[in-house]
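Just so you know, these numbers use all the heavy atoms, side chains as well, and skip hydrogens, waters and symmetry mates. Nothing fancy with the numbering, it's 1 onward along the sequence.
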Amino acid sequence: MDAADATVEKLRAQCLSRGALGIQGLARFFRRLDRDRSQSLDSGELQRGLAELGLVLDTAEAEGVCRRWDRDGSGMLDLEEFLRALRPPMSQAREEVIAAAFAKLDRSGDGVVTVDDLRGVYSGRAHPKVTLAEFQDYYSGVSASVDTDEEFVAMMTSAWQL
């Protein structure tokens, strides 16, 4: 495990020790760290924020963490990138129930939910296509606020009538 991964694990552990409220509080924490109100964090803002939590990084480590979490290549971390990095990995049970819900939507079975798959069920104007990866990413965020696999599977099974 490299330094960026170790930092993520330490921060994730701190959040999880506070339960679902720890993950939910990250958005507020992010906004507080964003001193220039750019809606993104540079490595300096991230470094100062992590130091407040007791995770002291030197400049090179903070830059490495920013590079690792920066998915869009902007050199900065937006809120979604920050939250995505800190979500705990989902269990196999959670991934399976998400895939089952997606399969129910993907009537054509091509791995992409299109307007044709959803016709009469959902208005897809804002998002005309949804991939399994996007569907999983969405439910990964939901998953972070549900304590047990049993609760998550029950929620998904009920919501999607699986």
Side-chain angles (χ1 to χ4, degrees), residues 1-103 105-106 111-113 124 126-149 151-153 155-156 159-160:
M1 179 181 298
D2 67 8
D5 289 337
T7 300
V8 148
E9 289 304 320
K10 287 178 190 173
L11 186 52
R12 183 180 294 143
Q14 280 191 348
C15 292
L16 292 176
S17 72
R18 298 178 180 138
L21 294 177
I23 297 290
Q24 292 170 351
L26 284 174
R28 285 189 304 277
F29 179 67
F30 180 94
R31 284 190 289 277
R32 191 169 55 76
L33 297 181
D34 182 19
R35 295 193 177 160
D36 64 1
R37 302 292 181 240
S38 64
Q39 298 185 343
S40 59
L41 301 179
D42 62 27
S43 62
E45 289 169 321
L46 180 67
Q47 184 179 16
R48 284 187 295 278
L50 294 178
E52 288 178 27
L53 296 174
L55 300 173
V56 179
L57 304 178
D58 64 31
T59 301
E61 289 171 320
E63 289 170 354
V65 169
C66 264
R67 275 192 307 278
R68 171 69 55 84
W69 294 354
D70 178 17
R71 294 180 90 178
D72 66 5
S74 68
M76 309 267 285
L77 297 178
D78 63 35
L79 177 59
E80 187 58 35
E81 290 168 331
F82 183 71
L83 294 176
R84 188 177 286 123
L86 293 173
R87 288 180 192 150
M90 287 192 299
S91 69
Q92 185 172 349
R94 292 179 189 218
E95 288 182 2
E96 287 172 359
V97 75
I98 291 168
F102 184 85
L105 291 173
D106 182 15
V112 177
V113 175
H127 300 282
K129 296 191 303 183
V130 177
T131 66
L132 176 57
E134 291 166 333
F135 198 74
Q136 286 175 324
D137 188 49
Y138 171 78
Y139 275 107
S140 177
V142 172
S143 173
S145 65
V146 179
D147 291 330
T148 68
D149 286 351
E151 290 175 280
F152 184 80
V153 170
M155 176 199 70
M156 290 292 295
W160 290 97

Would you be so kind as to tabulate the donor-acceptor pairs closer than 3.5 Å made by side chains of residues 44-55, with sequence neighbours excluded?
residue	atom	partner	partner atom	Å
E45	OE1	D42	N	3.0
E45	OE2	R35	N	3.1
E45	OE2	D36	N	3.4
Q47	NE2	L57	O	2.7
R48	NH1	G44	O	3.4
E52	OE1	R32	NH1	2.7
E52	OE1	R32	NH2	3.1

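- Nearest heavy atom pair, residue L41 against residue C66, reads O-SG, 4.3 Å.
- Considering CG of D70 and OG of S40, their distance stands at 9.5 Å, rounded to 0.5 Å.
- The minimum heavy-atom distance linking A101 with M156 is given by the pair CB-CE, 3.8 Å.
- Between atom OH of residue Y139 and atom CD of residue E134 there is a gap of 14.0 Å, rounded to the nearest 0.5 Å.
- E96 CD to M90 CE: the interatomic distance, rounded to the nearest 0.5 Å, is 11.0 Å.
- Heavy atoms of other residues, nucleotides or ligands lying less than 6.0 angstrom from CD of E151 number more than 12.
- I98 has its side chain out of reach of Y138: every pair of non-hydrogen atoms, C-beta onward, lies at least 4.5 Å apart.
- For the atom pair S143 OG and E95 CD, the distance stands at 9.0 Å (nearest 0.5 Å).
- Two residues are said to be in side-chain contact when any heavy atoms from C-beta on lie closer than 4.5 Å; E61 and V65 fail this criterion.
- Within the 3.5 Å criterion, the main-chain N or O of G141 finds no donor-acceptor partner in the side chain of R84.
- The main-chain N or O of F152 is never found under 3.5 Å from a side-chain atom of R94 such that the two would form a donor-acceptor pair.
- Although no hydrogens or angles enter the test, the distance criterion places a donor-acceptor pair under 3.5 Å between the side chain of E81 and the main chain of R71.
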